[in-house]
Number of protein chains: 2
Amino acid sequence: MSKQRTPLPLADCHTPLTAEPLSADQAERLAVSFKALGDPIRLRLLSLIASHQGGEACVCDLTDAFDVSAPTISHHLKVLRETGLVASERRATWVYYRAEPATLELLSTVLSVPQGAGE
Amino acid sequence: MSKQRTPLPLADCHTPLTAEPLSADQAERLAVSFKALGDPIRLRLLSLIASHQGGEACVCDLTDAFDVSAPTISHHLKVLRETGLVASERRATWVYYRAEPATLELLSTVLSVPQGAGE
DNA sequence: CATCTACTTTGACAGATATCGAATCAACTT
DNA sequence: AAGTTGATTCGATATCTGTCAAAGTAGATG
């Protein structure tokens, strides 16, 4: 069976939240993504993965960078995976993670402020 | 006394998190901001405030838009205020909130993906 | 001053979340 | 097949967070 969870449909959230009020439904789905970013370890994990050479990082590289246990890292990676911020692939013994630029860009757009907003 | 809490120093977080690994300290402070965005009601509040005519909204306008009590709205507004996402000002009987574009832009930049990243 | 409206703070509580140790799974190596 | 290393899942627990009712504050107005 595939490992790919439905990473929640954010497809209809392309408008900056400053432009028009979010629907309750959009807010619900966006909040899941921002909540995933709302943990220091997950932010660092995402940053480490995204900035890693080759665009991907092995879990073994990530675990050593933190003072928490391996299960905790695994838990945080799962949260990032389920929100579509990263994707994982097993190659032989190791599991590699890479960032999903589309999701990051989408969230970045939602927070962006069009010039002349709020006038 | 002033109502202005120190809205946490994010000044040194101008680089996309895909560009280089976040420091533990940067991640800690950014996480507070993203956590503030990680609630559907707060996202909608922020969106309502930012997109409101004149760039500001009275609390009375906001409270009616949700199914939760006034204290709960007040709590969420406080979280947004303390992270520097909004600012408030009392004029006569009413308290007006407006979005802080600089904070939004900063967070947007952190999530943005420079072209050619991860190669 | 008393009172009304707008908003915030306090205190309490139920549900969510981060964390760990132990157990499990997956792939490689003798 | 047995053992080793890498990674995830499970179960338990301490802490955090969202929520409300009740009480408190701020300003306007009678």
Side-chain angles (χ1 to χ4, degrees), chain A residues 1-5 24 27-28 30-46 48-49 52 56-83 85-98, chain B residues 1-5 24 27-28 30-46 48-49 52 56-83 85-98:
Chain A
M1 64 208 67
S2 169
K3 214 54 210 244
Q4 197 68 358
R5 293 274 181 299
E28 203 80 42
L30 285 169
V32 174
S33 294
F34 286 122
K35 197 179 299 183
L37 296 171
D39 180 279
I41 293 188
R42 285 198 290 268
L43 273 182
R44 289 177 64 197
L45 281 171
L46 179 58
L48 273 175
I49 292 166
H52 200 266
E56 62 180 16
C58 172
V59 176
C60 53
D61 298 329
L62 303 171
T63 305
D64 296 343
F66 299 89
D67 282 339
V68 298
S69 68
T72 297
I73 296 296
S74 203
H75 161 69
H76 286 306
L77 288 172
K78 185 180 190 177
V79 173
L80 292 173
R81 227 188 310 126
E82 289 178 344
T83 53
L85 284 162
V86 303
S88 67
E89 182 192 357
R90 171 158 227 141
R91 289 205 297 278
T93 305
W94 300 278
V95 176
Y96 294 89
Y97 280 78
R98 64 177 193 283
Chain B
M1 65 205 67
S2 168
K3 212 58 214 245
Q4 197 67 359
R5 294 273 180 301
E28 204 81 43
L30 285 169
V32 174
S33 295
F34 287 121
K35 198 178 300 182
L37 296 172
D39 180 278
I41 293 187
R42 285 198 291 268
L43 273 182
R44 290 177 64 197
L45 281 171
L46 179 57
L48 273 174
I49 293 166
H52 200 266
E56 61 181 16
C58 171
V59 176
C60 52
D61 298 329
L62 302 172
T63 304
D64 297 341
F66 299 89
D67 281 339
V68 298
S69 68
T72 298
I73 296 296
S74 202
H75 161 68
H76 287 305
L77 288 172
K78 185 180 190 176
V79 173
L80 291 172
R81 225 189 310 126
E82 288 178 345
T83 53
L85 284 162
V86 303
S88 66
E89 183 193 356
R90 170 159 227 140
R91 288 205 297 277
T93 305
W94 300 279
V95 178
Y96 294 89
Y97 280 78
R98 64 178 191 284

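Heavy-atom basis, side chains included; hydrogens, waters and symmetry copies ignored. Throughout, protein chains are lettered first and strands after them, A, B, ... in sequence-line order, and every chain is numbered starting at 1.
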Nucleotides 16-23 of chain C: which of its N/O atoms have a protein N/O under 3.5 Å away?
from, atom 1, to, atom 2, distance (Å)
C/dA18, OP1, A/R42, NH1, 3.2
C/dA18, OP1, A/R42, NH2, 2.8
C/dA18, OP2, A/H75, NE2, 3.2
C/dT19, OP2, A/H76, NE2, 2.4
C/dC20, OP2, A/S69, N, 2.8
C/dC20, OP2, A/S69, OG, 2.9
C/dC20, OP2, A/T72, OG1, 2.7

Measure OH/B/Y96 against C1'/C/dC7 and give the value in whole Å, please. 13 Å

Looking at every strand, decide which applies to B/Y97 at a 4.0 Å heavy-atom threshold: base, sugar-phosphate, or nothing. sugar-phosphate

Please give, in whole Å, the distance from D/dT8 P to A/L45 CG? 11 Å

In sequence, state the C-alpha distance, the side-chain angles, and the governing distance for A/L37 and A/L85, and then conclude on side chain to side chain contact (heavy atoms under 4.5 Å, CB included). CA-CA 9 Å; A/L37 296 171; A/L85 284 162; 3.8 Å; yes

Distance check needed: D/dA7 C1' versus A/L62 CG, whole Å only. 12 Å

Donor-acceptor under 3.5 Å (A/S74 side chain, A/A70 main chain): no

How many whole angstroms separate atom CZ of A/R81 from atom C1' of D/dT8? 8 Å

Grab the CD-C1' distance between A/E82 and D/dT9 for me, whole Å please. 12 Å

Taking all non-hydrogen atoms of both residues, which atom of A/Y97 and which atom of A/I49 are closest, and how far apart? O-CG2, 3.3 Å

Scan A/F66 against the nucleic acid and name what it touches under 4.0 Å (heavy atoms): base, sugar-phosphate only, or nothing. nothing

For A/K35, does its backbone N or O pair with a side-chain atom of A/R42 as donor and acceptor, under 3.5 Å? yes

Decide if atom CG of B/D64 counts as having more than 12 heavy atoms of other residues, nucleotides or ligands within a radius under 6.0 Å. yes

In whole Å, I'd like the distance from the CD1 atom of B/I73 to the C1' atom of C/dT9. 16 Å

Taken to the nearest 0.5 Å, the spacing of A/T83 OG1 from A/L30 CG works out to 11.5 Å

Partner set under salt bridge (charged side-chain N to carboxylate O under 4.0 Å, His left out) for A/E28, not counting sequence neighbours: none

A/E28 CD to D/dG18 C1': how many Å, rounded? 13 Å

Supply the atom-to-atom distance B/L62 CG to B/I41 CD1, rounded to the nearest 0.5 angstrom. 11.5 Å

Using a 4.0 Å heavy-atom cut-off, write out nucleotides 25-30 of chain D from 5' to 3' as B (base contacted by protein), S (sugar-phosphate only) or - (no contact). -SSS--

Give the minimum heavy-atom separation between B/V86 and B/L77, together with the two atoms involved. CG2-O, 4.3 Å

